[in-house]
There are 2 protein chains.
Amino acid sequence: MVEHAQEALFRPVRAGNAFEETVERLMQSIRLGVVAPGERLPSERDLATRLGVSRVTVREAIRSLQENHYVESRRGRYGGTFVKDSLPKSAPGKEFGDLHDVLTLRRVLETGAAETAAGRSLGPAERRGLRARLEEASTSSLAEYRRKDSRLHLAIAEATGSAALTAAVAESRMRANELLDHIPLLEPNLAHSNAQHERIIVSILDGDPAAARQAMAEHLDGTASLLRGFLV
Amino acid sequence: MVEHAQEALFRPVRAGNAFEETVERLMQSIRLGVVAPGERLPSERDLATRLGVSRVTVREAIRSLQENHYVESRRGRYGGTFVKDSLPKSAPGKEFGDLHDVLTLRRVLETGAAETAAGRSLGPAERRGLRARLEEASTSSLAEYRRKDSRLHLAIAEATGSAALTAAVAESRMRANELLDHIPLLEPNLAHSNAQHERIIVSILDGDPAAARQAMAEHLDGTASLLRGFLV
DNA sequence: CTCCAAAGGTATGCCTGCGAGCCATTGGCC
DNA sequence: GGCCAATGGCTCGCAGGCATACCTTTGGAG
């Protein structure tokens, strides 16, 4: 038997119970900026269907988010569950997963996504979307930066046309963001990031896969070395 | 709200029930050749711990594999559950997932893995392991080829040192293999594959990331176009 | 002003999966 | 030959999660 491959194949089949997984997903959609502050989450019934869990479980998850002041719910028609404008800081609790593990997977997924996106012929809507996310990120405040940054990177993953790749990038970014929340975000870094973002998007829109990969690699290696410096 | 990213984030939280997921994992370990014919699976108690499910569920999954003639169990000390020597053909049932989706993710993950592996300084054990898998694949019969091929590709993923990346590659390969099972495996393809495998491994062992990526990309694009040809 | 559609809020009963313990079988060790 | 450790085989009660149905609130449509 090939010994090491077992670690990957015989890992736990479920990350947590249905409740925890559901909380995690809703948190992701908020923390990654997919549902922005002030916006409404899909209805409980809708979420239950999409997430493949019962409405009871969705409600328990939402209750948990309410108690942590991430969302508030309003009843009646045109009611719903809305993301609060002022989001609480993330709980610093979690241990760091294996740093190497997180960064390796992120690099593979995101440089691959950039290259793949650049190799496709994008429709006008997708091109506009990418430019819009770039603009959002470059004009965002320090407070909003992590969220806008994630939206941009997710938009790049979506531009590959692969839902599985997009899901993998979202998952990987959450893990990376947990680490990034522990290091300071400084104006100079932000300006540098914006310049790199611009290069990435321009390369994708120009249809230059090699340049897109290269630009994304440099961008990620920047934050990776920041992380290694702060956390070691 | 960013509309498209929702599809990734609000996908179902659990792939199936615990039983189905467990069957899937055990099947993967057999079909990908991690546990070869004649070899023993870990004990039920061990599997239950590692997979994070109850022993009852593990037993139900194993029963299912027994009924499909994948494994047989023997009681008593030095007993256990053993992979049968003659494995049944895979049930042709499953629909094709989105072809583009599968192939895109596979390309990103595996070219990234090859590049990353080539960029690391590998220990002697890892280098020997890679050579051994290459040898296995190149001398295998048509019948065993898919399994030996997967073992080689998994070994490359493991050489990145990232468990998460290895798991992602294993998952992606299973999905790709489901498709590949529907197209013929021909001697010329096999010879061609072996030559490409050699290039990939040599590039990794030589520490040439760009060459490793390039070689892997060509290798994957070969089977990808075969698939597109046969399945469209 | 009335109605009603759509959203959140609540309650009940079933079924899956889990934990824990015990039994049965086997082959090496003393 | 007897012991015993490790493995598969089995059972029972409990907790988590689910489907389903119904109630309450709200604001726009008619």
Side-chain angles (χ1 to χ4, degrees), chain A residues 1 6 10-27 29-30 35 38-84, chain B residues 1 6 10-27 29-30 35 38-84:
Chain A
M1 177 153 51
Q6 288 184 53
F10 294 151
R11 73 188 186 285
V13 295
R14 6 196 71 178
N17 53 34
F19 164 73
E20 286 169 356
E21 274 287 277
T22 304
V23 171
E24 192 60 23
R25 287 293 182 78
L26 297 181
M27 280 287 278
S29 71
I30 296 170
V35 186
E39 288 186 339
R40 215 197 67 176
L41 287 172
S43 75
E44 295 178 355
R45 288 168 176 83
D46 190 3
L47 281 174
T49 305
R50 292 208 231 178
L51 295 174
V53 298
S54 76
R55 203 181 137 213
V56 179
T57 304
V58 169
R59 286 183 48 71
E60 280 169 357
I62 287 177
R63 171 116 55 106
S64 163
L65 293 188
Q66 286 167 350
E67 282 164 4
N68 290 288
H69 309 287
Y70 281 93
V71 300
E72 57 188 356
S73 297
R74 293 201 289 274
R75 310 210 338 186
R77 190 166 189 178
Y78 306 96
T81 299
F82 297 81
V83 177
K84 287 203 140 194
Chain B
M1 176 154 50
Q6 286 183 55
F10 294 150
R11 72 187 187 284
V13 295
R14 6 196 72 178
N17 54 35
F19 164 73
E20 286 169 357
E21 274 287 278
T22 304
V23 171
E24 191 61 23
R25 287 293 182 79
L26 297 181
M27 280 287 278
S29 70
I30 295 170
V35 186
E39 287 185 341
R40 215 196 66 174
L41 286 172
S43 75
E44 294 178 354
R45 289 169 175 83
D46 189 5
L47 281 175
T49 305
R50 293 209 230 177
L51 296 174
V53 298
S54 77
R55 206 182 133 211
V56 180
T57 304
V58 169
R59 287 183 48 69
E60 280 169 357
I62 287 177
R63 172 113 57 104
S64 163
L65 293 188
Q66 286 167 350
E67 283 164 2
N68 290 288
H69 309 287
Y70 280 94
V71 300
E72 56 188 357
S73 297
R74 293 200 289 273
R75 302 193 8 172
R77 189 167 189 178
Y78 305 97
T81 300
F82 297 81
V83 178
K84 289 202 138 193

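Scope of the values below: all heavy atoms of this structure, side chains included, with no hydrogens, waters or symmetry mates.
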How close or far is atom P of C:dA20 from atom CZ of B:Arg59, stated in whole angstroms? 18 Å

Atom-to-atom span, CD of A:Glu44 to C1' of D:dT24 - whole angstrom: 13 Å

What is the distance, to the nearest angstrom, from the CZ atom on B:Phe82 to the C1' atom on D:dA6? 12 Å

Does a nitrogen or oxygen in the side chain of A:Ser73 sit under 4.0 Å from OP1 or OP2 of C:dA7? no

Donor-acceptor pair present, B:Arg55 side chain and C:dG17 base, under 3.5 Å: no

In whole Å, what is the span from the CD atom of A:Glu60 to the P atom of D:dG16? 10 Å

When rounded to whole Å, the CZ to P distance for the pair A:Arg45 and C:dA5 reads 14 Å

Closer than 4.0 Å, any side-chain N/O of B:Thr81 to the OP1 or OP2 of D:dG8? yes

Got a sec, which residues hit side chain to side chain contact (heavy atoms under 4.5 Å, CB included) with A:Tyr78, two or more places apart in sequence or on another chain? none

Nearest-Å distance for atom pair CD/C1', residues B:Glu72 and D:dT7: 15 Å

A:Asp46 CG to C:dA5 C1', in whole Å, measures 16 Å

Which distance, rounded to the nearest 0.5 Å, do you find between the CG of B:Leu47 and the OG1 of B:Thr22? 9.0 Å

Atom pairs and distances, donor-acceptor, side-chain atoms in residues 52-64 of chain B, under 3.5 Å, two or more places apart:
{"residue": "B:Ser54", "atom": "OG", "partner": "B:Val56", "partner atom": "N", "Å": "3.4"}
{"residue": "B:Ser54", "atom": "OG", "partner": "B:Thr57", "partner atom": "N", "Å": "3.2"}
{"residue": "B:Ser54", "atom": "OG", "partner": "B:Thr57", "partner atom": "OG1", "Å": "3.2"}
{"residue": "B:Arg55", "atom": "NE", "partner": "B:Glu44", "partner atom": "OE1", "Å": "3.1"}
{"residue": "B:Arg55", "atom": "NH2", "partner": "B:Glu44", "partner atom": "OE1", "Å": "3.1"}
{"residue": "B:Arg59", "atom": "NH1", "partner": "B:Glu44", "partner atom": "OE1", "Å": "3.3"}
{"residue": "B:Arg59", "atom": "NH1", "partner": "B:Glu44", "partner atom": "OE2", "Å": "2.8"}

So which protein nitrogen or oxygen atoms get under 3.5 Å of nucleotides 26-29 of chain C's nitrogens or oxygens?
{"residue": "C:dT26", "atom": "O2", "partner": "B:Arg77", "partner atom": "N", "Å": "2.8"}

How close do B:Val35 and B:Arg40 get, heavy atom to heavy atom, and via which atoms? CG1-O, 3.9 Å

Mind calculating the distance between CD (A:Glu21) and C1' (D:dG17) to the nearest angstrom? 14 Å

